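Structure, as C-alpha cells:
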Number of protein chains: 2
Amino acid sequence: MYLTQKSIYAIQALIFIALNNSGEFVPIREISNKLNIPFHFLTKILQVLSKQQIIETCRGPSGGVRLRQDPNQISIEQIILSIDGDRLFSECILKLPDCGNSKPCPLHDLFAPIREELQKMLSNTMLALLVKMVRDNQVKLTSVTQVQDFFPGQKQTKKPDHS
Amino acid sequence: MYLTQKSIYAIQALIFIALNNSGEFVPIREISNKLNIPFHFLTKILQVLSKQQIIETCRGPSGGVRLRQDPNQISIEQIILSIDGDRLFSECILKLPDCGNSKPCPLHDLFAPIREELQKMLSNTMLALLVKMVRDNQVKLTSVTQVQDFFPGQKQTKKPDHS
DNA sequence: TCGATTTCGGAGTCTTTTATCTTATTTGGC
DNA sequence: GCCAAATAAGATAAAAGACTCCGAAATCGA
C-alpha cells in the first residue's frame, strides 16, 4: 500500500547485507535464499542501489555485494527514493496531475502534514538502527526467520533456490 | 501509492453526488462524463457503495444514484474501508504476514503512530467538508474542471463518453 | 589459459489492477 | 404491452507491477 515490493526487498536486503558487514562481499544468491527474495528480481534491485552508490558489487567467485556507505549514513528515505522515486512523498493522493498548493485536491492540505511527518521519520531513520534492532532480536526481517538463521550455524537445510 | 484507483474514484464520485444532493438520482453516466471516470468501472464501484448502504440506486428512466446517508455522517475513512478494506491502516509496511506487536518488522513501531494519525484524520474528515471546499472553489475535483462546469450552465460541449 | 562462479542486462512471462464490452434486468411513460 | 433509459453482472482486454530466463561479461583459482 505504501511501498512497492521493490522497495521492501531493497530495505530487507540492505539490512541483511549490513548484518554481514565484515568487508566481504555477500553473494546475491545468499541474500535471495535467506530472505526468500526472487533471485533475478533482487539482482535488478541491487543494480539500481549500486548505480546509486549505496552498495558496490564484484563479479566472479567470492563476488557479491557490500555496502559502499556507512549504515549510519544510509537513511530509509534514501533507499525508497532510489527505488521508487519520490512518489510516496509528492504524488497527489487523488492522482490529480497538477495538484499543488495553489489549487489543490480536496485532501491535499489534510494529507500534507502527515506525509511530511512520514518523510521526516524515514529520513531520520538510518539503516544502522534497523540492523541493531534485528541483531538484538527485537524485530524480525522475514516471516519465519530468526537472526541466528542468518549466520553460518551448521547444517543448512538447502532450500531450492528462487531463481 | 496510498489509495487504489477504486478508492480515488469512489471519493470523487461521492463528492460529486453530494454536490447534486437535491434528493434526485444522479445518473452514473453523468458522473462518469463530468469526472472522467470510466463508466463501467465506476458502475462496479458504486455497486459496492450501494451494498455498504452509503448510496442507493434506482434503475430505469430518471434513475441513478444518491446518498443514503447524511454527508456529515460519511467519513473518508469509511469510503476507503468500503472499497479497499483496512489494508491502508493495518497491513504490515514490509508485508510480513504475521507482523504484530509481539514480534514486529523493523519499521512497525516507527510507522504505527503515523498511520494512526492518518486514520484519525480520515475518520474525522467528513464528506460534507470536502463538498464544501469544492463548492467554495477552494479545491478542484479533477485536473481541469471548475465547479461551475458541474452544473447545467449552458452549452455543454458534449464529450465522447468513457464507456 | 580454462573452467567455474558470479554479476550484468535485455527480453520475455505471469499476475493483479484497471478498463472495456456485451447481455441481462428493472423502471417509467406512452 | 411496448419502448426507451437506466443499473446489474459476467466475460474479456489492456496496462502495470512482479517475476523469470538466457546469453554475455567479469573474476578468481587451478
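Just so it is clear: chains get the letters A, B, ... in the order the sequence lines come, proteins before strands, and each one is counted from 1. Here the structure is a predicted model, which is why all the values come from computation and not from measurement.
- Here the P atom of nucleotide C:dC8 and the CG atom of A:Leu42 are 11 Å apart, to the nearest Å.
- Residue A:Ser62 has no polar side-chain atom (N or O) positioned under 4.0 Å from OP1 or OP2 of C:dT6.
- The side chain of A:Pro38 has D:dT20 as its nearest neighbour among D:dT20, D:dT7, C:dT17.
- The distance between atom CD of B:Glu56 and atom P of C:dT26, rounded to the nearest whole Å, is 18 Å.
- For B:Asn124, there are no side chain to side chain donor-acceptor pair (under 3.5 Å) partners at least two apart in sequence or on another chain.
- Rounded to an integer number of Å, the gap from A:Ile45 CD1 to C:dT7 C1' is 15 Å.
- The interatomic distance linking A:Ile83 (CD1) with D:dG17 (C1') rounds to 14 Å, in whole Å.
- A 6.0 Å sphere centred on NZ of A:Lys95 holds more than 12 heavy atoms belonging to other residues, nucleotides or ligands.
- Taking only distance into account, the side chain of B:His40 never meets the base of C:dT18 through a donor-acceptor pair shorter than 3.5 Å.
- Take the nearest nucleotide of DNA chain D for A:Arg59 and for B:Val26: the residue whose nucleotide is more 5' is B:Val26.
- For the pair B:Glu24 and B:Arg66, the salt-bridge criterion is not met [side-chain N within less than 4.0 Å of a carboxylate O].
- Contact between the side-chain N/O atoms of A:Tyr9 and the OP1/OP2 oxygens of D:dC19 is found at a separation under 4.0 Å.
- Taking atom CZ of residue B:Phe41 and atom P of nucleotide D:dA9, one finds them 17 Å apart after rounding to whole Å.
- The interatomic distance linking B:Ile17 (CD1) with D:dT7 (P) rounds to 10 Å, in whole Å.
- Residues meeting the side chain to side chain donor-acceptor pair (under 3.5 Å) test with B:Arg115, sequence neighbours left out: none.
- Comparing C:dT5, D:dT7, C:dT7 by their nearest atom to the side chain of B:Pro27 picks out D:dT7.
- Checking A:Cys58 against B:Lys95, the closest nucleotide of DNA chain D that is more toward the 5' end is the one next to B:Lys95.
- Among the protein residues, A:Gln47 comes within range of the nucleic acid bases, having at least one heavy atom under 4.0 Å from a base atom.
- Separating the CD1 atom of A:Ile8 from the C1' atom of D:dG17 is a distance of 13 Å, rounded to the nearest angstrom.
- As judged by a 4.0 angstrom heavy-atom cut-off over every strand, B:Lys44 is placed among the base-contacting residues.
- Following rounding to the nearest Å, B:Phe39 (CZ) and C:dT18 (C1') show an atom-to-atom distance of 17 Å.
- A:Lys140 and B:Asp98 are joined by a salt bridge, as a carboxylate oxygen and a charged side-chain nitrogen come within less than 4.0 angstrom of each other.
- Along DNA chain C, the nucleotide nearest to B:Thr4 and the one nearest to A:Thr43 differ in position, and the one closer to the 5' end is contacted by A:Thr43.
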